[in-house]
Each structure stands twice: as structure tokens, then as C-alpha cells.
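Only one structure is covered here, and it is reproduced in the block below.
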Amino acid sequence: MEDLQQIRFPLEVINIAERFKEEYGLTQNLPILKFAFAYAINQFKDQINFETDDPLYKKNDGSNYGINSFENDSNLRVADLIKALYPQCETPYRYMRIAIIYGILKLDKAKKYDPDFRIIDVMQDVQ
């Protein structure tokens, strides 16, 4: 299977990111998507099943991002991090997409469960 060069998310994911973006006064969804990735691999690393979750997230009716959008913040590449965490991985950007979707759905679920839930409350656990 070929890895992704562009990452298109389901519209549901983009809508969730939009809500969090508005709540926190951000101008873009990208910081929320990056946080969802960090949250997913920090809190749920061993619960994400990349093989079975991938088909669940096939919808691609939302925004599109180049992989470089996720790679430009540090010297540590996301692809290298994914490969270190999941040595069997041959398609790190597919894994990243799945982790982002998994993470943002978990954040949304937490918000629905507790309307006072704030991302900032879980940020200390992710650092």
C-alpha cells in the first residue's frame, strides 16, 4: 500500500476541529489536528488498531492537507516518530491520519460527556 502525500479528513473531523478552533480563538484547524494526533498517541497508543480503524475512516469529504503541514514544526519528523512507536508501520502518514481522527473523536466524545471539558485540561498529560 502506498503512503499518503495529501491527507483528506472526513467532514465530521473538520467540523469538530472547527468547533474547537472557535472555542479557543484559533485561526486555523491545523493546531487542533496536531493536538489530536499528540493526544491519541499519548493517551491511546496501544488502543488504536490501524488495520481495523483505517476502513472506518475512509470518508474523505472534508479538508485536504499536505503532509508537510504536519512536518514543519521541529526537527523530529512525524514519519520518524510513527515508525519509532509502531515499528511494523510502512505507511506512517496513513497511521498519522488514523491517529488524528481517533484523537479528535475522543476529544469530541469527552466534550459531549462533559460540556465543561477543555483541551487545556488534558494538555499537561500530553506534554
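Source: prediction; values computed, not measured.
- Remark: the backbone N or O of P87 is not paired with any side-chain donor or acceptor of K83 at under 3.5 angstrom.
- Taking the centre and axis of the six-membered ring of F44, the NZ or CZ atom of K106 falls inside the cone set by 45° and 6.0 Å.
- Side chain of R77 to backbone of E71: no donor-acceptor contact under 3.5 angstrom is found.
- Summarising the geometry of R97 relative to R8, their closest heavy-atom pair is NE-O, 2.8 Å, with the distance given to 0.1 Å.
- The two residues A17 and L33 make their nearest non-hydrogen contact at CB-CD2, 4.2 Å.
- Between R19 and K111, the closest side-chain pair of non-hydrogen atoms is not below 4.5 Å.
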message: side-chain contact (heavy atoms from CB on, under 4.5 Å) for L81 and I41? Distances and angles first, verdict last.
response: CA-CA 10 Å; L81 175 62; I41 62 170; 3.7 Å; yes
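- Atom-to-atom distance recorded for D108:CG and N15:CG is 10.0 Å, nearest 0.5 angstrom.
- Separation of atoms CZ (R94) and CD (E51) is listed at 10.5 Å; rounding is to 0.5 Å.
- Side-chain contact check for L105 versus K109: every heavy-atom pair is 4.5 Å or farther apart.
- Not less than 6.0 angstrom separates the ring centroid of F70 from the ring centroid of F37.
- Seen from the ring of Y86, K45 counts as a face-on cation partner, given the 6.0 Å and 45° thresholds.
- Look at E18 and K21 and you find a salt bridge, because one of the NZ, NE, NH1 or NH2 atoms lies within 4.0 Å of a carboxylate O, short of that distance.
- Interatomic distance, F35 CZ to L107 CG, rounded to the nearest 0.5 Å: 6.0 Å.
- With rounding to the nearest 0.5 Å, the separation of CD1 in I32 from CD1 in I100 is 12.0 Å.
- L11 and I7 are members of different hydrophobic clusters when ILVMFWY side chains are connected at heavy-atom separations under 4.5 Å.
- If you take CD1 on I16 and CD1 on I104, they are separated by 5.5 Å, rounding to the nearest 0.5 Å.
- Atom NZ of K112 is separated from atom CG of D114 by 14.0 Å, given to the nearest 0.5 angstrom.
- Between F20 and F117, the angle of the ring planes goes over 60°, which puts this pair in the perpendicular group of the 30/60° scheme.
- The backbone N or O of E90 lies less than 3.5 Å from no partner atom in the side chain of D3, so there is not a single donor-acceptor pair.
- Screening Y102, Y95, Y93 for a ring-ring contact (aromatic ring centres under 6.0 Å, His included) with F50, the sole residue that qualifies is Y95.
- Contact record, P31 with L26: CB-CD1, 4.2 Å, taken as the closest heavy-atom pair.
- When all heavy atoms of A40 and A99 are compared, the closest pair comes out as CB-O, 3.1 Å.
- When all heavy atoms of S69 and L30 are compared, the closest pair comes out as O-CD2, 3.5 Å.
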